[in-house]
Amino acid sequence: VQLQASGGGLVQAGGSLRLSCAASVYIFRVDEMGWYRQAPGKQRELVATIRGGGSTNYADSVKGRFTISGDDAEKTSYLQMNTLKPEDTAVYYCNMIGERGRGWPKLPFNYWGRGTQVTVSS
């Protein structure tokens, strides 16, 4: 597994959690970091992405509550989740897209983490 996600858990509605995602392999450059989630019986959906220039994109359902950030040097992304709701309950997956390899030419990659469970109780 190239990405290690952590920070999930059980929290009451209105609470907060911070997810982290770190690369465990060498990465030359990250072009995009993202978080996705999959609730039981539903398809995986985008939560938030951040690109190399710092531009962000959020699902309408999390705007104003979640904040994505990334550390290019450490190849790590974060998802700060505030004012959590029961409908945020899902397995959260992190994703990174970019280029890898210590030699030339560089090779593109699209890595996924295993997922971390977030459960919000009402």
Side-chain angles (χ1 to χ4, degrees):
V1 178
Q2 296 90 355
L3 303 181
Q4 303 292 335
S6 61
L10 173 64
V11 65
Q12 288 188 331
S16 298
L17 284 173
R18 188 185 192 219
L19 305 183
S20 300
C21 176
S24 59
V25 296
Y26 175 78
I27 291 176
F28 174 70
R29 187 186 71 240
V30 179
D31 295 322
E32 182 179 285
M33 299 178 179
W35 287 91
Y36 296 73
R37 68 186 181 187
Q38 187 167 17
K42 295 187 177 181
Q43 290 187 333
R44 189 175 299 188
E45 63 177 2
L46 178 144
V47 176
T49 59
I50 182 167
R51 295 196 59 84
S55 62
T56 57
N57 180 47
Y58 294 93
D60 288 342
S61 59
V62 307
K63 283 181 181 177
R65 300 188 297 121
F66 291 9
T67 302
I68 187 171
S69 60
D71 185 327
D72 286 343
E74 296 297 325
K75 305 299 186 288
T76 302
S77 70
Y78 304 96
L79 185 68
Q80 178 66 42
M81 305 185 294
N82 299 328
T83 319
L84 282 161
K85 304 176 181 180
E87 50 264 43
D88 294 319
T89 295
V91 177
Y92 284 70
Y93 297 89
C94 61
N95 173 259
M96 289 190 190
I97 298 172
E99 289 189 334
R100 61 182 174 87
R102 299 183 184 274
W104 294 96
K106 303 300 180 188
L107 300 175
F109 73 85
N110 186 342
Y111 293 154
W112 290 89
R114 286 192 185 276
T116 183
Q117 177 70 46
V118 172
T119 303
V120 184
S121 63
S122 58

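Heavy atoms only: backbone and side chains are in, while hydrogens, waters and symmetry mates are out.
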Q. Looking at OG of Ser69 and CD1 of Ile50, how far apart are the two atoms once the value is rounded to the nearest 0.5 Å?
A. 6.5 Å
Q) In Å, rounded to the nearest 0.5 Å, how long is the span from CG of Leu79 to SG of Cys94? A) 10.5 Å
Q: Taking all non-hydrogen atoms of both residues into account, name the closest pair between Gly113 and Tyr93 and its distance.
A: O-CD2, 3.5 Å
Q) How far apart are the closest heavy atoms of Ala5 and Thr116, and which atoms are they? A) CB-CG2, 4.4 Å
Q.
Between Met81 and Leu19, is there a side-chain heavy-atom distance shorter than 4.5 Å?
A. yes
Q: Please check if the side chain of Ser61 supplies one atom and the backbone of Ala59 the other of a donor-acceptor pair under 3.5 Å.
A: no
(Q) Within the supplied structure, the quantity of interest is the number of heavy atoms (other residues, nucleotides, ligands) at a distance under 6.0 Å from Arg114 CZ; does it exceed 12? (A) no
Q) Can you name the nearest heavy-atom pair linking Lys106 to Gly101, along with the distance? A) NZ-O, 2.7 Å
Q. Side chains of Phe66 and Asn82: closer than 4.5 Å at any heavy-atom pair?
A. no
Q. Can you tell if the side chain of Arg100 reaches within under 4.5 Å of the side chain of Tyr26, non-hydrogen atoms only?
A. no
Q. How far does OH of Tyr111 sit from SG of Cys21, to the nearest 0.5 angstrom?
A. 12.5 Å
Q) Looking at CD1 of Ile97 and CD of Glu32, how far apart are the two atoms once the value is rounded to the nearest 0.5 Å? A) 4.5 Å
Q. Under the side-chain hydrogen bond (donor to acceptor under 3.5 Å, both in side chains) criterion, do Thr89 and Glu87 qualify, and how do the steps go?
A. CA-CA 5 Å; Thr89 295; Glu87 50 264 43; over 6 Å; no
Q. Does any N or O in the side chain of Ser24 come within less than 3.5 Å of the main-chain N or O of Val1, such that one atom is a donor and the other an acceptor?
A. yes
Q. So, Thr67 side chain and Gln80 main chain: donor-acceptor pair closer than 3.5 Å or not?
A. no
Q.
Measuring only between side-chain heavy atoms, which start at C-beta, is Asp88 closer than 4.5 Å to Arg65?
A. yes
**Q.** Audit row: Tyr78, Ile68, side-chain contact (heavy atoms from CB on, under 4.5 Å) steps and yes/no
**A.** CA-CA 6 Å; Tyr78 304 96; Ile68 187 171; over 6 Å; no
Q) Out of curiosity, Gln12 CD to Leu84 CG, how far, rounded to the nearest 0.5 Å? A) 11.5 Å
(Q) If you take the centroid of each ring, where Trp contributes its six-membered ring, are Phe28 and Trp104 closer together than 6.0 Å? (A) yes
Q | Donor-acceptor under 3.5 Å (Thr49 side chain, Gly34 main chain) | A | no
Q) Hey, are the side chains of Asn95 and Met33 touching, using non-hydrogen atoms and a 4.5 Å cut-off? A) no
Q | Side-chain heavy-atom pair Arg37, Val62 within 4.5 angstrom cut-off | A | yes
Q: Salt-bridge test for Arg29 and Asp72: reply yes if a basic N is under 4.0 Å from a carboxylate O, no otherwise.
A: no
Q. Would a line drawn from the ring center of Tyr36 to the ring center of Trp112 be shorter than 6.0 Å?
A. yes
